[in-house]
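Order of the sequence lines sets the chain letters (A, B, ...), proteins ahead of strands, with each chain counted from 1. Please read all numbers here as calculations on a predicted model, not as lab measurements.
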2 protein chains.
Amino acid sequence: MNTLKKKRSKNERKRVLDSYLAKKQLKSTKQRDTIFDVFFNHTDDHISVEELYEIVKKRNPKIGFATVYRTLKLFKECGLAFERNFGDGRTRYEPVTFDGERHDHIICIDCGKIICFNNPEVQVLLQSLAKSNKFELSNYKLELYGNCDSSCESQDHSS
Amino acid sequence: MNTLKKKRSKNERKRVLDSYLAKKQLKSTKQRDTIFDVFFNHTDDHISVEELYEIVKKRNPKIGFATVYRTLKLFKECGLAFERNFGDGRTRYEPVTFDGERHDHIICIDCGKIICFNNPEVQVLLQSLAKSNKFELSNYKLELYGNCDSSCESQDHSS
DNA sequence: GGTAAATTGATAATGAATATCAATTAAGGT
DNA sequence: ACCTTAATTGATATTCATTATCAATTTACC
Ligand SMILES: [Mn+2]
Ligand SMILES: [Mn+2]
Ligand SMILES: [Zn+2]
Ligand SMILES: [Zn+2]
């Protein structure tokens with residue numbers, strides 16, 4: 001992803017957020033700006049609320065974690081972020097990328113590495129599976145767990 | 001499932017539990033017997049700990065809910081029960097059936113109805129998907145959400 | 001029956017997430 | 001710039017499911 005594209009992305013996101021705030025009669029605040037900057041400039045995906053809060057605090061120590069919770073939920077509501085719940089009990093968020101399509105994850109049970117994937121075959125198969133059970137599929141949750149390779153065991157991607 | 005088969009199943013389960021208790025130097029207790037009976041005679045699948053506790057209390061009001069938690073975990077450890085976590089924040093358990101194979105679920109977002117399914121195609125597809133990402137697949141979580149039909153909305157399967 | 005170790009159940013503690021609420025701040029009109 | 005109003009914030013309390021604690025009880029074995 002080149003610089004131009006990234007810049008455009010940020011502006012687009014800002015526009016999405018601003019129009020959502022206007023539509024819902026919400027206000028633009030310094031705290032939301034700060035969290036916006038930190039969240040969308042963060043390179044690592046699938047950050048937990050606590051992790052993001054720790055980074056945000058460095059920029060502005062006065063921001064409370066309730067605000068971080070609230071703001072991430074706001075990003076989710078306006079379609080800028082996905083909310084994730086892998087098995088570890090802490091909610092994580094990741095930016096919605098350009099295409100905006102859903103995707104699923106492969107998680108290494110040794111080092112915590114997470115790979116995102118979007119496989120159309122899976123979608124088709126699950127759709128027909130639901131149909132054959134007389135269900136109208138509206139959403140699904142899919143997570144693969146395994147080992148990424150034999151050399152990752154000494155690492156630790158968890159916080 | 002006829003009566004003979006069900007009876008054999010119960011005896012087999014009892015044997016599995018007893019041999020596990022022996023192997024781990026655990027003890028057979030009245031409480032474990034009661035919870036065993038209630039859990040494996042319960043027809044509805046995917047029962048929550050709280051729900052099971054309420055039924056167990058009718059049989060023996062002195063049993064504490066900590067014991068129900070502990071015993072369901074015991075059933076899981078010895079391979080007699082699956083532990084489930086759908087999105088509602090409460091852990092559920094279901095008996096492992098004869099074949100013992102894993103299975104996944106379709107959940108109606110209107111009435112809470114849950115259908116279990118075991119589709120070999122899914123397994124194969126996910127296996128190859130993991131392989132193509134250089135992962136050794138060891139487990140996965142798959143839940144489909146949708147509507148079972150148009151006549152279920154007035155019902156309520158939640159507790 | 002006696003002994004050691006496992007079990008139980010009442011209760012406290014945990015931890016992530018949400019609710020509360022007084023003080024602050026943003027936005028729009030004047 | 002001031003006023004008014006409603007949204008926002010952050011410290012704190014609360015919720016809720018689950019786990020930890022621990023003295024009293026019960027089981028298994030001799
Ligand atoms: Mn992802
Ligand atoms: Mn099932
Ligand atoms: Zn790994
Ligand atoms: Zn339904």
Next item on the list: For B:Arg32 and C:dA6, give me the distance from atom CZ to atom P, rounded to whole Å.
Entry: 11 Å

Note to self: For A:Tyr140, give me all partners under ring-ring contact (aromatic ring centres under 6.0 Å, His included), at least two apart in sequence or on another chain.
What the structure shows: none

Margin query: Each nucleotide in nucleotides 9-19 of chain C should get exactly one letter: B, S or -. Can you fill that in based on protein heavy atoms under 4.0 Å?
Written below: B-B----SBB-

Contacts table for residues 22-32 of chain B: side-chain donor-acceptor under 3.5 angstrom, sequence neighbours left out:
| from | atom 1 | to | atom 2 | distance (Å) |
| --- | --- | --- | --- | --- |
| B:Thr29 | OG1 | B:Arg32 | N | 3.1 |
| B:Arg32 | NH1 | B:Lys27 | O | 2.6 |

Checklist line | Under-4.0 Å side-chain N/O to phosphate OP1/OP2 contact, B:Thr29 with C:dA6 | finding: no

Notebook entry, point to check: In whole angstrom, what separates A:Gln25's CD from C:dG28's P?
Noted result: 10 Å

Item checked: Distance in angstrom units between B:Leu21 CG and C:dT8 P, rounded -> 10 Å

Checklist line | Residue list, ring-ring contact (aromatic ring centres under 6.0 Å, His included) with B:His42, at least two apart or on another chain | finding: none

Note to self: Among residues at least two apart in sequence or on other chains, which ones pass side-chain hydrogen bond (donor to acceptor under 3.5 Å, both in side chains) with B:Lys141?
What the structure shows: B:Glu143

Margin query: For A:Phe36, does the six-membered ring have the charged nitrogen or CZ of A:Lys14 within the cation-pi criterion, i.e. under 6.0 angstrom from the centroid and within 45° of the normal?
Written below: yes

Checklist line | Separation of D:dC29 C1' from B:Leu26 CG (nearest whole Å) | finding: 16 Å

Notebook entry, point to check: C:dA27 C1' sits how many Å from A:Lys30 NZ, rounded?
Noted result: 14 Å

Check: Who are the side chain to side chain contact (heavy atoms under 4.5 Å, CB included) partners of B:Lys134, not counting sequence neighbours?
Finding: none

Notebook entry, point to check: What's the NZ-P distance between A:Lys27 and D:dA7, to the nearest Å?
Noted result: 7 Å

